[in-house]
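See below for the structure under consideration.
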Amino acid sequence: MRNRWAERIKKLPPYLFAEIDRLKEEQIANGVDVIDLGVGDPDIQTPFHIVEKMIEAVRDPSNHRYPSYYGMLDFRKAVAAWYRRRFGVTINPESEVISLIGSKEGIAHIPLAFVDPGDIALVPDPGYPVYRVSVVFAGGNPYTMPLRLENGFLPDLSEIPKHIAERTKLMFINYPNNPTTAVAGKDFFKEVVKFADKYGIVVCHDAAYSEIYFDEAPVSFLEIDGAKDIGIEFHSLSKTFNMTGWRIGFAVGNADIIRALGHVKTNIDSGVFQAIQRAAIAALESDEGVAQLSRDIYRRRRDIFINGLKQAGIKIFYPKATFYIWAHTPSGYTSTDFALSLLKKSGIVATPGIGFGSFGEGFIRFSLTINEDRLKEASDRIGKLIL
């Protein structure tokens with residue numbers, strides 16, 4: 001039987017992180033001591049009290065059946081309470097919250113609710129690859145919003161032509177930002193609300209890294225007057241509570257947008273395992289010290305690695321949030337050339353900026369999700385390669 005792939009699949013490049021993983025495995029098979037600074041997968045264990053709640057919940061037979069499509073009401077109430085404590089934002093748990101199988105799943109599905117074939121969606125570049133891919137899957141046309149260093153890696157909405165804005169159905173934004181580590185303030189979010197309201201655009205703010213910060217706590221898009229009228233915010237427990245493998249997140253905000261996303265999901269998946277939701281409630285009700293512990297670890301790692309990169313002569317965009325380092329590639333290297341050189345000559349996995357979009361060229365992303373000794377070793381190897 002001949003395999004007849006759909007045209008939408010043929011148009012997609014290999015998923016960036018899967019391709020990097022393939023190259024890494026090749027090096028490991030060749031006996032190379034590989035230091036993986038590629039995918040942002042926290043190495044810090046999930047807090048003990050969350051694991052214990054999961055064990056307890058798994059033993060409860062009432063959790064073994066199909067869960068609610070939108071998430072347990074207790075989970076949604078915990079989300080709303082966390083939003084109130086953290087951001088001062090009031091969320092209706094019955095209509096303005098939906099559980100997700102990780103925020104990636106929600107981001108991948110939201111264009112199916114709003115983007116028809118030929119419609120435009122605004123996507124940041126560089127940006128998380130799923131934004132663009134999800135629009136393509138829905139048959140839409142991604143329109144690039146460049147994130148430039150000189151603008152603090154914020155998109156300049158005034159650059160978007162009127163005829164594009166008038167055809168736009170949806171906009172993705174993401175702060176604290178992956179991969180650039182940039183943080184946005186209320187002034188930028190106010191511009192987004194004004195722009196989206198003018199053109200009738202649904203705003204999807206990916207706030208997965210809001211709790212991984214080093215100085216001032218990032219704000220929520222939903223703190224802005226009018227934001228809930230035109231948008232939603234995606235969150236994940238993966239980074240805040242080191243639960244990447246658990247696959248649970250949520251979206252909050254405009255009730256009509258949440259309902260539309262839920263309508264897609266009810267036809268595609270059957271919700272999040274209820275035991276995981278019980279564990280997530282324990283996470284959301286945690287003392288602030290739980291997230292602070294992770295922040296302290298990443299701060300130490302950031303400072304160690306940045307010091308090593310500076311000694312190697314590599315310029316960086318100093319991160320105020322996330323667990324990434326967004327660095328300039330050395331003179332004479334493209335981002336892909338430098339990433340391949342690091343892997344083949346130094347045994348270091350890093351992510352080329354071009355993998356996040358054309359405006360990522362000239363940069364490379366390092367993840368801080370390994371211990372301090374290995375980060376020091378990695379920076380030493382980079383220094384030997386460059387100097």
Side-chain angles (χ1 to χ4, degrees), residues 17 20-21 24 27-28 32-47 126 149 153 176-183 208-218 238-242 244 288-331 333 335 338-353 356 360 362-387:
F17 302 126
I20 290 172
D21 194 55
K24 178 186 75 173
Q27 289 294 89
I28 292 173
V32 177
D33 174 27
V34 171
I35 300 177
D36 191 348
L37 307 180
V39 178
D41 187 3
D43 61 318
I44 307 167
Q45 69 180 39
T46 306
L149 175 62
F153 296 114
N177 184 259
N178 171 29
T180 71
T181 77
V183 175
Y209 295 90
S210 73
E211 305 313 295
I212 308 299
Y213 58 88
F214 305 114
D215 299 304
E216 185 176 351
S238 293
K239 278 69 179 182
T240 305
F241 301 105
N242 307 307
T244 51
E288 177 60 21
V290 172
Q292 185 61 49
L293 178 62
S294 291
R295 288 194 287 268
D296 290 343
I297 291 172
Y298 289 129
R299 180 183 288 105
R300 290 194 299 270
R301 293 178 178 183
R302 177 198 64 175
D303 294 344
I304 288 171
F305 194 61
I306 284 177
N307 183 59
L309 291 182
K310 286 181 177 179
Q311 291 181 17
I314 292 180
K315 298 178 181 179
I316 65 161
F317 179 75
Y318 196 80
K320 296 180 179 179
T322 79
F323 43 56
Y324 301 116
I325 303 295
W326 188 237
H328 293 267
T329 54
S331 178
Y333 287 94
S335 62
F338 189 47
L340 290 175
S341 183
L342 284 172
L343 183 56
K344 294 176 180 179
K345 297 180 180 179
S346 301
I348 294 171
V349 177
T351 310
F356 297 101
F363 294 89
I364 193 161
R365 193 195 73 177
F366 299 99
S367 174
L368 300 174
T369 52
I370 61 172
N371 67 52
E372 295 174 19
D373 289 342
R374 292 291 272 173
L375 281 171
K376 181 64 169 60
E377 169 68 19
S379 64
D380 288 346
R381 292 187 193 179
I382 294 171
K384 291 175 182 177
L385 175 66
I386 301 301
L387 299 177

Q) If you take all heavy atoms of A321 and F214, which pair is closest and at what distance? A) N-CD1, 3.8 Å
(Q) Nearest 0.5 Å, please: how far is CZ in R299 from OH in Y213? (A) 9.5 Å
Q) So do the side chains of Y324 and I212 get within less than 4.5 Å of each other, counting heavy atoms only? A) no
Q. Is the closest side-chain heavy-atom distance between V349 and V34 below 4.5 Å?
A. yes
Q. Measuring from T180:OG1 to I325:CD1, what's the distance to the nearest 0.5 Å?
A. 12.0 Å
Q) Between the main-chain N or O of D43 and the side-chain N or O of T369, is there a donor-acceptor pair closer than 3.5 Å? A) no
Q | Side-chain heavy-atom pair I316, F366 within 4.5 angstrom cut-off | A | no
Q) For E372, does its backbone N or O pair with a side-chain atom of R300 as donor and acceptor, under 3.5 Å? A) no
Q: Heavy atoms only: give me the nearest V39-R365 pair and the separation to one decimal.
A: CA-NH2, 4.0 Å
Q: Work out which heavy atom in S335 is nearest to a heavy atom in G362; give both atom names and the distance.
A: CB-N, 4.2 Å
Q. Do the ring centers of Y209 and F323 come within less than 6.0 Å of each other?
A. yes
Q) Is the W326-F317 ring centre distance short of 6.0 angstrom? A) no
(Q) I'd like to know if the side chain of Q27 and the backbone of L343 have a donor-acceptor N/O pair within less than 3.5 Å. (A) yes
Q. So do L375 and L37 actually touch side chain to side chain, heavy atoms under 4.5 Å?
A. yes
Q. Nearest 0.5 Å, what's the CZ-CD1 distance between R374 and I304?
A. 14.0 Å
Q: Identify the heavy atoms of I382 and I314 that sit nearest to each other, and give their distance.
A: CG2-CD1, 3.6 Å
Q.
Go through it in stages, so that I can follow the logic: the residues are N178 and F356, the test is side chain to side chain contact (heavy atoms under 4.5 Å, CB included), and I'd like the CA-CA distance, side-chain angles, deciding distance and then a yes or no.
A. CA-CA 9 Å; N178 171 29; F356 297 101; 4.3 Å; yes
Q: Measure across S367 and G38 and return the closest heavy-atom pair with its distance rounded to 0.1 Å.
A: CB-O, 3.6 Å
Q: Output the distance between atom CG (D373) and atom CZ (R301), rounded to the nearest 0.5 Å.
A: 10.5 Å
(Q) For I364 versus A350, what's the shortest heavy-atom pair and its separation? (A) CD1-CB, 3.7 Å
Q. Is atom CD of E288 surrounded by more than 12 heavy atoms (other residues, nucleotides or ligands) closer than 6.0 Å?
A. yes
Q. Atom CD1 in I370, atom CG in D41: separation rounded to 0.5 Å?
A. 12.5 Å
Q: Answer yes when D380 and K376 have at least one side-chain N-carboxylate O distance shorter than 4.0 Å, and no when they do not.
A: yes
Q. Does S238 offer a backbone N or O that forms a donor-acceptor pair with the side chain of T244 under 3.5 Å?
A. no
Q: Would you please test R295 and E211 for side chain to side chain contact (heavy atoms under 4.5 Å, CB included) and show each step?
A: CA-CA 8 Å; R295 288 194 287 268; E211 305 313 295; 4.2 Å; yes
Q.
To the closest 0.5 Å, what do you measure between OH (Y318) and CZ (R302)?
A. 3.5 Å
Q: For the residue pair T181 and F153, establish whether any side-chain heavy-atom pair is separated by less than 4.5 Å.
A: no
Q) With a 4.5 Å heavy-atom cut-off, do I306 and P319 have their side chains touching? A) yes
Q | CA sep, side-chain torsions, deciding dist, call: L149, H328, side chain to side chain contact (heavy atoms under 4.5 Å, CB included) | A | CA-CA 11 Å; L149 175 62; H328 293 267; 3.8 Å; yes
Q: Report yes if the side chains of S341 and Y333 come closer than 4.5 Å at any heavy-atom pair, otherwise no.
A: yes
Q | K320 side chain reached by E216 side chain, heavy atoms, under 4.5 Å | A | no
